[in-house]
Amino acid sequence: GQGVDEPLSATGFRQADAAGLFLSNVKFTHVFSSDLLRAKQTAAAILAKNRFCKDFEIKYDARLRERKYGVAEGRPLADLKAMAKDAGEQCPSFTPSGGETLDEVRERARDFFEFLCQLAVELEQKEHGKPGAPGRSSGTSGEQFVFPWTNHCSEAEPSSEGGGSSMVLDANILVVSHGAYMRNWIGYFVSDLNCTLPANLTKSQLSSVSPNTGVSHFIIKLGNGNLLKPEITCVCLNQDSHL
């Protein structure tokens with residue numbers, strides 16, 4: 001939850017370092033993190049291992065915080081399950097007293113995602129506004145972003161022609177958040193925005209909480225800067241081969 005703002009454990013730091021090594025050759029354009037300490041430390045550890053982004057400023061955003069669990073915060077998961085059972089509800093959808101509903105969490109995720117889309121559109125417009133500068137979407141400028149998970153993902157893995165796992169993007173954004181929050185965000189992508197999923201993804205995988213430092217990769221296309229109809233493809237979900 002949010003109320004117990006504990007640092008990473010020794011295992012958590014090892015996992016964050018492993019994620020950093022895994023992502024060390026990915027050139028990010030922006031880095032956002034939850035403002036809770038464990039997420040801040042994870043984001044810092046990832047950047048510390050990165051070849052290109054060691055000195056990047058991490059933007060902390062309260063909209064990326066874990067779901068608020070009210071009276072259940074700081075208590076074992078078994079207690080939350082017992083509360084849900086007593087209330088006659090399933091644990092994932094149960095809202096403890098003082099906690100956030102799933103709809104409230106999803107609204108935070110929607111608000112932050114729309115902020116990211118607006119950021120990407122403004123970047124693209126700036127690029128087009130430069131005299132003699134072709135847009136990145138044309139493939140004639142921009143950065144090549146090399147992703148390390150080609151062998152672990154679906155057929156949706158994007159690639160440039162003959163170039164392996166790289167592509168031209170306007171923005172390549174790292175977001176560090178929390179398990180229950182990200183599950184709600186992905187649910188928003190799938191149910192509200194019709195995200196295209198890997199063909200081999202099962203329902204249980206889709207609804208499961210990511211392992212610590214699990215990596216999910218989404219390609220977002222905003223045709224003609226249309227913020228209302230993003231085209232979203234999930235390349236991989238909760239990838240954990242680095243652990």
Okay, side chain of [X], backbone of [Y]: is any donor-acceptor separation there less than 3.5 Å?
X      : Y      : value
Glu73  : Gly3   : yes
Lys85  : Lys81  : no
Arg110 : Tyr188 : no
Arg108 : Arg65  : yes
Glu104 : Thr101 : yes
Asn172 : Lys27  : yes

Return all side-chain donor-acceptor pairs below 3.5 angstrom for residues 5-14, not counting sequence neighbours, or 'none' if the list is empty.
from, atom 1, to, atom 2, distance (Å)
Asp5, OD1, Leu37, N, 2.7
Ser9, OG, Thr11, N, 3.4
Ser9, OG, Gly12, N, 3.1
Thr11, OG1, Arg14, NH2, 3.1

Check the side chains of Gln118 and Glu114 for a donor-acceptor pair under 3.5 angstrom, ignoring hydrogens and angles.
->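 Result is no, nothing qualifies.
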With a 3.5 Å cut-off and no angle check, do the side chains of Ser241 and Gln239 form a donor-acceptor pair?
->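 Yes, Gln239 and Ser241 have a side-chain donor paired with an acceptor closer than 3.5 Å.
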Using the test salt bridge (charged side-chain N to carboxylate O under 4.0 Å, His left out), find all partners of Asp55 that sit at least two apart in sequence or belong to another chain.
->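 Once residues adjacent in sequence are excluded, Asp55 has no partner under the salt bridge (charged side-chain N to carboxylate O under 4.0 Å, His left out) criterion.
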Tell me, with the steps shown, if Val121 and Leu227 meet side-chain contact (heavy atoms from CB on, under 4.5 Å).
-> CA-CA 8 Å; Val121 167; Leu227 298 174; 3.5 Å; yes
Within 45 degrees of the axis of the six-membered ring of Tyr69 and under 6.0 Å from its centre: does Arg67 put its NZ or CZ there?
->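 Judged by the rule (NZ or CZ under 6.0 Å from the ring centre, within 45° of its axis), Arg67 counts as positioned above Tyr69.
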Tell me, do [X] and [Y] make a side-chain contact under 4.5 Å, heavy atoms counted?
X      : Y      : result
Asp61  : Phe112 : yes
Val31  : Cys53  : no
Arg183 : Val209 : yes
Ile232 : Thr196 : no
Ile220 : Phe113 : yes
Val176 : Ser34  : no
Ile173 : Leu116 : yes
Leu222 : Cys117 : yes

Verify side-chain hydrogen bond (donor to acceptor under 3.5 Å, both in side chains) between Ser93 and Gln90, making sure each step is shown before the conclusion.
-> CA-CA 6 Å; Ser93 58; Gln90 296 294 315; over 6 Å; no
Does atom NZ of Lys203 have more than 12 heavy-atom neighbours, drawn from other residues, nucleotides or ligands, at distances under 6.0 Å?
->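 12 or below, so no.
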Roughly how far, to the nearest 0.5 Å, is [atom2] of [Y] from [atom1] of [X]?
X      : Y      : atom1 : atom2 : value
Ile46  : Thr213 : CD1   : OG1   : 7.5 Å
Leu119 : Lys59  : CG    : NZ    : 8.0 Å
Leu206 : Leu197 : CG    : CG    : 5.5 Å
Phe56  : Leu174 : CZ    : CG    : 10.0 Å
Asn25  : Phe52  : CG    : CZ    : 6.0 Å
Ser207 : Ile186 : OG    : CD1   : 10.5 Å

Derivation and outcome, side-chain contact (heavy atoms from CB on, under 4.5 Å), residues Phe218 and Thr233 = CA-CA 6 Å; Phe218 296 89; Thr233 301; over 6 Å; no
Tell me, with the steps shown, if Asn184 and Arg106 meet side-chain hydrogen bond (donor to acceptor under 3.5 Å, both in side chains).
-> CA-CA 6 Å; Asn184 276 268; Arg106 185 170 293 196; 4.8 Å; no
Relative to each other, are the rings of Phe189 and Trp185 parallel, tilted or perpendicular (30° and 60° limits)?
->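 Answer is perpendicular, since the angle exceeds 60°.
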Give me the ring orientation class for Phe32 and Phe115: parallel if the planes are under 30° apart, tilted from 30 to 60°, perpendicular past 60°.
->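 Perpendicular, since the angle between the ring planes exceeds 60°.
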Which atom names give the shortest non-hydrogen contact between [X] and [Y], and what distance separates them?
X      : Y      : value
Gln15  : His242 : O-CD2, 4.5 Å
Ala72  : Pro96  : CB-CG, 4.0 Å
Ala171 : Leu123 : CB-CD1, 3.9 Å
Gln2   : Glu66  : NE2-O, 3.0 Å

Examine [X] and [Y] and state if one hydrophobic cluster contains both, with Ile, Leu, Val, Met, Phe, Trp and Tyr joined whenever side-chain heavy atoms are less than 4.5 Å apart.
X      : Y      : result
Leu243 : Leu237 : no
Leu21  : Leu47  : no
Leu102 : Val71  : no

Would you sort out whether Asn238 and Ser208 count as a side-chain contact (heavy atoms from CB on, under 4.5 Å), showing the intermediate values?
-> CA-CA 9 Å; Asn238 303 336; Ser208 65; 4.0 Å; yes
Determine, step by step, whether Arg63 and Ser177 satisfy the side-chain hydrogen bond (donor to acceptor under 3.5 Å, both in side chains) criterion, reporting the C-alpha distance in whole Å, the side-chain angles of both residues, the deciding distance to 0.1 Å, and the verdict.
-> CA-CA 9 Å; Arg63 289 173 293 185; Ser177 186; over 6 Å; no
Before giving the answer on side-chain contact (heavy atoms from CB on, under 4.5 Å), spell out for Thr95 and Glu100 the whole-Å C-alpha distance, their side-chain angles and the decisive distance to 0.1 Å.
-> CA-CA 6 Å; Thr95 303; Glu100 282 182 295; 5.9 Å; no
Hey, mind stepping through Lys40 and Asp35 against salt bridge (charged side-chain N to carboxylate O under 4.0 Å, His left out) and telling me if it holds?
-> CA-CA 6 Å; Lys40 286 181 174 182; Asp35 61 352; over 6 Å; no
